[in-house]
**Q** 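Quick one: the structure is below, questions incoming.
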Amino acid sequence: MKIAIIGGGPAGLYAAILLKKQRPQAEITVYERNRADDTFGFGVVFSDATLDNFEKYDPPSYRRITQQFAYWDDIAVHFRGTVHRVGGNGFCGCARRTLLMILQERARELGLHLMFESDIDEIRGLADADLVVLADGINSRFRDKFAEYFQPEVDLRSNKFAWMGSTRPLDAFTFIFQETEWGPFIAHAYQYEVGRSTWIFETDPATFERAGLEGLSEKQSADRMAQIFGWFLEGHPLLTNRSMWRNFPMIRSKRWVKDNMVLLGDAKATAHFSIGSGTKLAMEDAIALAEAMQRAPTVEGALQQYEEGRREEVEKTQHAADVSLVWFEHVDRFWDFDPVQFAFGVMTRAKAITYDNLTLRAPNFVAEVDKAFARQVRAKGFDVDVVKPVAPMFQPLRLREMELTNRAVVSPMCMYSAKEGVPGDFHLVHYGSRAIGGAGLIFTEMTCVGRDARITPGCTGLWNDEQEASWRRIVDFVHENSAAKIALQLGHAGRKGATKLMWDGMDRPLEEGGWDVLSASPIPYFTDSQVPREMDRAAMDAVKAAFVASAQRGEACGFDMLELHCAHGYLLASFISPLTNQRTDAYGGSLANRLRFPLEVFEALRAAWPAHKPMSVRISATDWAEGGITGDDAVLIARAFAEAGVDLVDVSTGQTVRDAQPIYGRMFQTPFSEQVRNEARVATMCVGNITTSDQVNTILAAGRADLVALGRPHLVDPSFTLKAAAWYGADGVFCPRQYQPGREQIFRNSVRDRQDFDDLKIKAKPKTRAELKAEATKPLAAE
Ligand SMILES: Cc1cc2nc3c(=O)[nH]c(=O)nc-3n(C[C@H](O)[C@H](O)[C@H](O)COP(=O)(O)OP(=O)(O)OC[C@H]3O[C@@H](n4cnc5c(N)ncnc54)[C@H](O)[C@@H]3O)c2cc1C
Ligand SMILES: Cc1cc2nc3c(=O)[nH]c(=O)nc-3n(C[C@H](O)[C@H](O)[C@H](O)COP(=O)(O)O)c2cc1C
């Protein structure tokens with residue numbers, strides 16, 4: 001077999017090594033345009049997990065790599081004169097040049113042909129190869145040559161960065177967030193060998209411009225960085241090596257394989273440097289390709305297996321890198337945070353590291369985070385313990401005069417079980433048990449303001465006396481038997497109305513017994529859905545009056561809070577999104593126009609709803625669709641509602657148009673809550689695939705939301721909050737006296753269970769290489 005590999009970076013060299021080990025008879029050639037020792041850049045980092053992989057696939061190169069590597073365990077965050085260190089991270093680094101030398105040496109040992117100074121321009125010269133590996137890096141010529149086939153997408157990110165080096169020794173992966181007269185600068189730095197560290201400098205485009213960096217030479221910009229970070233560099237110089245300022249290209253390719261050609265490493269996909277995964281991905285691609293070549297009988301089959309098997313892992317890493325890079329792009333959102341909360345945000349930005357995980361590794365750091373959170377709560381007038389505070393989830397919150405005893409919320413969820421809009425016994429038990437279960441706040445399902453405002457025939461309503469009486473019974477039960485507050489969510493289904501119950505076909509039009517539906521514009525939801533009537537002014541007035549009448553009934557029921565549903569494609573959402581609003585009057589066109597009617601309804605409700613009671617609005621912060629609402633729009637929408645008196649924005653996403661392309665994942669809507677909260681400066685509630693109290697605490701402690709709602713988890717576990725309180729030893733969560741024996745038991749057992757769980761986790765965690773190295777070099781006397 002003949003294999004041609006274009007590119008002698010980590011991906012190309014490692015693929016060559018693994019393939020040669022597998023097929024000693026194969027003729028494998030690596031073509032590299034540069035000279036053997038002619039490499040850009042400074043260090044690369046790997047996690048312990050990546051090194052485990054290397055150990056498995058090629059022990060000789062693994063041994064040499066680990067002999068050369070510098071290890072460290074801590075991450076240090078410098079911000080506004082403070083430094084917070086967190087251990088247990090398990091990273092190592094070495095010079096990119098050293099890594100390449102080790103791989104080249106190993107390749108030669110195995111009899112590979114390494115052709116340096118061979119700039120490949122055409123595939124034609126390699127026509128006799130059975131397999132062509134395109135590992136030609138971030139600016140891949142061949143990805144571009146076959147762009148129509150590979151369909152790459154290049155998203156050039158806004159921040160500017162430059163990769164430099166220094167002789168400054170570092171004993172931790174170091175982030176420095178530096179205020180300057182021009183704006184914030186960030187340094188990502190780590191030591192990769194004795195006397196050498198990598199320094200990546202990053203800043204937003206406006207700061208870059210104000211600092212006059214455009215057009216400066218490498219030397220001049222290194223001098224400018226040395227000036228800014230001089231206090232930390234302690235006289236050590238900054239070194240340059242093609243250290244030009246660039247914008248990071250986030251690259252994704254729809255296809256990775258064409259005939260006998262395959263894209264590997266940065267050529268196929270990139271991951272932002274802030275999670276240090278570029279070289280890891282490149283080398284793990286090589287592993288995946290070699291595995292596929294081992295298993296499949298033909299090259300064609302192997303390439304197909306490689307692409308199918310590898311894509312999910314790559315996309316997951318890219319997603320984590322995306323989340324991380326967005327955090328760095330918006331660092332100004334957190335600039336006024338308490339430094340310890342800021343550091344917690346840095347640590348938890350990409351989801352893998354959480355509150356509980358940090359509690360195990362750095363209990364003192366998390367204790368400081370808890371204290372900072374408690375101090376903020378105390379500053380709002382609550383008499384909370386700031387010396388030994390409870391976890392953020394169990395800290396109180398006040399909205400107008402409504403006080404919540406904790407931050408866990410039951411998200412609004414339709415039960416599709418009402419008769420003519422009247423909530424029945426099912427609803428009483430449903431809401432009642434969730435209130436007893438300890439959540440601080442319970443939302444009703446979307447309760448409709450008229451018969452024709454319903455989504456389905458099973459939706460609850462609040463337009464007549466019978467409904468009002470039934471709701472009052474529920475509200476009274478909640479107030480009499482729990483500490484929870486209960487919020488009424490009012491909505492109008494719009495074009496998603498007259499549809500079937502969830503279990504008969506979500507959003508599908510009713511075959512019989514339907515009613516006429518309204519929307520901003522006459523666009524049906526499904527192509528075969530009912531075409532809605534475009535609302536005229538009279539219809540708007542009628543709907544507004546219906547909302548006000550329902551709110552007044554809500555007040556009569558004793559609800560503590562009112563939410564206006566402007567999300568998920570229902571009537572008011574249909575005005576906000578440009579994809580569903582094509583009006584040419586004062587209610588269509590600009591965002592201000594599209595918001596006009598929803599704001600009118602909100603203002604009318606605000607006027608009718610008692611001034612001491614809070615109001616929230618639920619929005620879809622993105623349509624997840626081309627040309628639709630984006631996170632930036634959501635900030636403007638939230639600001640507009642805040643000016644009209646909203647106390648909380650309930651940040652959901654999507655469900656507005658059929659052809660949306662949501663990116664699901666753990667806590668997938670939280671970045672939108674974070675953006676709205678910290679840019680529009682309004683309290684938010686986030687929701688969406690949040691399933692553990694650990695995630696709730698992580699979100700709250702990092703300042704990504706003020707409340708956290710859980711929908712589906714509460715469907716199967718009404719006592720989610722009480723159980724979490726036992727786990728965290730938070731005494732204050734209400735439990736009715738009838739259930740006290742159960743409460744005492746779970747609180748007692750939780751202390752032991754938690755200890756066992758933590759012990760197990762600590763035992764199960766393999767020692768990081770930094771820990772092993774420290775043990776190996778410990779002086780005997782110390783043992
Ligand atoms: C600022 C910055 C910081 C980074 N920090 C880290 C980090 O800390 N940790 C980490 O793991 N990764 C990091 N990376 C990413 C890392 O450098 C790359 O992800 C990794 O090198 C990808 O390996 P590769 O083999 O796919 O591509 P490359 O290393 O780019 O190798 C491609 C090779 O192909 C050669 N080539 C290109 N075209 C041709 C041609 N036509 N003919 C012949 N040869 C050709 C090039 O000369 C090059 O040697 C960073 C990247 C940047 C930009
Ligand atoms: C069965 C069901 C019914 C729902 N009904 C409503 C509703 O009436 N009003 C609303 O705003 N959201 C509704 N939602 C959305 C939830 O409030 C929540 O945003 C969503 O389930 C995501 O959160 P989760 O991952 O915690 O479930 C509903 C969700 C489910 C699963």
Side-chain angles (χ1 to χ4, degrees), residues 5-15 30-34 38-47 50 91 93 96 99-100 115-122 134-142 161-164 173 188 190 192 198 200-202 243 246 248-249 263-283 285-286 409-416 443-448 455 459-460 489 491 502-503 506 563 565 567-568 570 618 620 650-653 655 664 667-669 686-691 708-715:
I5 297 181
I6 307 176
L13 285 172
Y14 205 51
V30 178
Y31 299 93
E32 167 56 49
R33 67 178 168 200
N34 291 332
D38 184 19
T39 177
F40 71 91
F42 296 92
V44 294
V45 286
F46 294 122
S47 66
T50 307
F91 283 111
R96 179 180 153 95
L99 175 70
L100 291 178
M115 307 279 288
F116 291 98
E117 298 178 72
S118 307
D119 192 338
I120 305 296
D121 194 32
E122 284 294 338
L134 307 175
D136 52 344
I138 207 160
N139 298 316
S140 171
R141 180 181 291 161
F142 293 98
F161 76 94
W163 198 358
M164 300 189 191
F173 194 113
H188 310 235
Y190 58 91
Y192 57 86
T198 291
I200 303 170
F201 297 107
E202 181 179 6
S243 307
R246 284 172 285 174
F248 186 81
L263 289 170
L264 234 61
D266 274 5
K268 73 169 200 322
T270 58
H272 190 246
F273 53 81
S274 61
I275 65 161
S277 291
T279 307
K280 160 202 152 85
L281 275 184
M283 291 175 69
D285 281 353
V409 178
V410 178
S411 201
M413 274 180 298
C414 253
M415 293 292 105
Y416 307 100
F443 275 84
T444 69
E445 59 204 274
M446 177 167 127
T447 297
C448 307
I455 314 167
C459 288
T460 54
Q489 185 188 59
M502 175 178 71
W503 42 85
M506 186 95 161
E563 174 160 287
H565 202 327
H568 301 168
Y570 298 119
R618 188 160 224 207
S620 285
D650 176 356
V651 184
S652 188
T653 66
Q655 301 172 54
Y664 293 117
M667 308 184 270
F668 73 109
Q669 296 175 156
C686 75
V687 63
N689 226 356
I690 298 163
T691 52
V708 180
L710 298 95
R712 288 164 297 171
H714 272 122
L715 290 181

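Read the numbers this way: they start at 1 and go in the same order the structure lists the ligands and their atoms.
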**Q** Checking contacts here: is it the side chain or the backbone of F248 that comes within 4.0 Å of ligand 1, counting heavy atoms only? Could be both or neither.
**A** neither
**Q** Check if E563 has a non-hydrogen atom at a distance under 4.0 Å from any atom of ligand 2.
**A** no
**Q** Side chain, backbone, both or neither: which part of A271 has a heavy atom under 4.0 Å from ligand 1?
**A** neither
**Q** Please confirm whether R96 approaches ligand 1 to less than 4.0 Å, judged on its heavy atoms.
**A** yes
**Q** If we only count N/O pairs under 3.5 Å, is V45 in contact with ligand 1?
**A** yes
**Q** With nothing but distance in play, are any N or O atoms of E445 less than 3.5 Å from an N or O of ligand 2?
**A** no
**Q** Show which atoms of ligand 2 fall inside a sub-4.0 Å distance from at least one heavy-atom site of R712.
**A** 24 (P), 25 (O), 26 (O), 27 (O), 31 (C)
**Q** Hey, is ligand 1 close enough to G12 that some N/O pair sits below 3.5 Å?
**A** no
**Q** Indicate whether atom 13 (C) of ligand 2 is within a distance of less than 4.0 angstrom of some protein heavy atom.
**A** yes
**Q** Looking only at protein heavy atoms, which one is nearest to atom 5 (N) of ligand 2, and how far off is it?
**A** C414 N, 2.8 Å
**Q** In ligand 2, which numbered atoms sit nearer than 4.0 Å to a non-hydrogen atom of G688?
**A** 22 (C), 23 (O), 25 (O)
**Q** Where does A567 meet ligand 2, judged by heavy-atom distances below 4.0 Å: at the side chain, the backbone, both, or neither?
**A** neither
**Q** Of all the non-hydrogen atoms in the protein, which one sits nearest to atom 29 (C) of ligand 2, and at what distance?
**A** M413 CG, 3.7 Å
**Q** Please could you name the atoms of ligand 1 that S118 approaches to less than 4.0 Å, counting only its heavy atoms?
**A** 42 (N), 43 (C)
**Q** Among all protein heavy atoms, pick out the one at the shortest distance from atom 19 (O) of ligand 2; state its residue, atom name and that distance to 0.1 Å.
**A** R618 NH2, 2.9 Å
**Q** For atom 6 (C) of ligand 2, grab the closest protein heavy atom and report residue, atom and distance to one decimal in Å.
**A** P412 O, 3.1 Å
**Q** Counting only heavy atoms, which portion of I200 has something under 4.0 Å from ligand 1: side chain, backbone, both, or neither?
**A** side chain
**Q** Which atoms of ligand 2 are found less than 4.0 Å from any heavy atom of L710?
**A** 26 (O)
**Q** Between the candidates D285, I275, T279, L263, which shows the shortest non-hydrogen contact distance to atom 16 (C) of ligand 1?
**A** T279
**Q** Taking 4.0 Å as the limit for heavy-atom contacts, which would you say applies to F273 with ligand 1: side chain only, backbone only, both, or neither?
**A** side chain
**Q** Under a 3.5 Å cutoff, is there a donor and acceptor pairing between the side chains of T444 and Q489?
**A** no
**Q** Taking heavy atoms and a distance under 4.0 Å, where does R141 meet ligand 1: side chain, backbone, both or neither?
**A** side chain
**Q** I'd like to check which ligand 1 atoms, numbered from 1 as shown, lie under 4.0 Å from a non-hydrogen atom of A135.
**A** 32 (C), 33 (C), 34 (O)
**Q** Quick one: does ligand 1 sit under 4.0 Å from the side chain of S140, the backbone, both or neither, non-hydrogen atoms only?
**A** neither
**Q** Measure the acute angle between the ring planes of F161 and F248, then classify it against the limits of 30° and 60° as parallel, tilted or perpendicular.
**A** tilted
**Q** With nothing but distance in play, are any N or O atoms of P10 less than 3.5 Å from an N or O of ligand 1?
**A** yes
**Q** Going by distance only, is there an N or O of S277 that falls short of 3.5 Å from an N or O of ligand 1?
**A** no
**Q** Looking only at distances, can you tell me whether any N or O atom of H565, backbone or side chain, sits closer than 3.5 Å to an N or O atom of ligand 2?
**A** yes
**Q** Could you tell me whether D136 and K268 have a side-chain N and a carboxylate O separated by less than 4.0 Å?
**A** no
**Q** With atom 5 (N) of ligand 1 as the reference point, say which of F46, Y192, W163 has the nearest heavy atom.
**A** W163
**Q** Checking the N or O distance criterion of under 3.5 Å, is ligand 1 in contact with A11?
**A** yes
**Q** Looking only at side chains, do H568 and S652 share a donor and an acceptor under 3.5 Å apart?
**A** yes
**Q** Heavy-atom pairs closer than 4.0 Å: do any link ligand 1 to the side chain of I6, the backbone, both, or neither?
**A** side chain
**Q** Given 3.5 Å as the limit, does a donor-acceptor pair link the side chain of S140 with the main chain of I138, or not?
**A** no
**Q** What atoms of ligand 2 come closer than 4.0 angstrom to any heavy atom of V687?
**A** 18 (C), 19 (O), 23 (O)
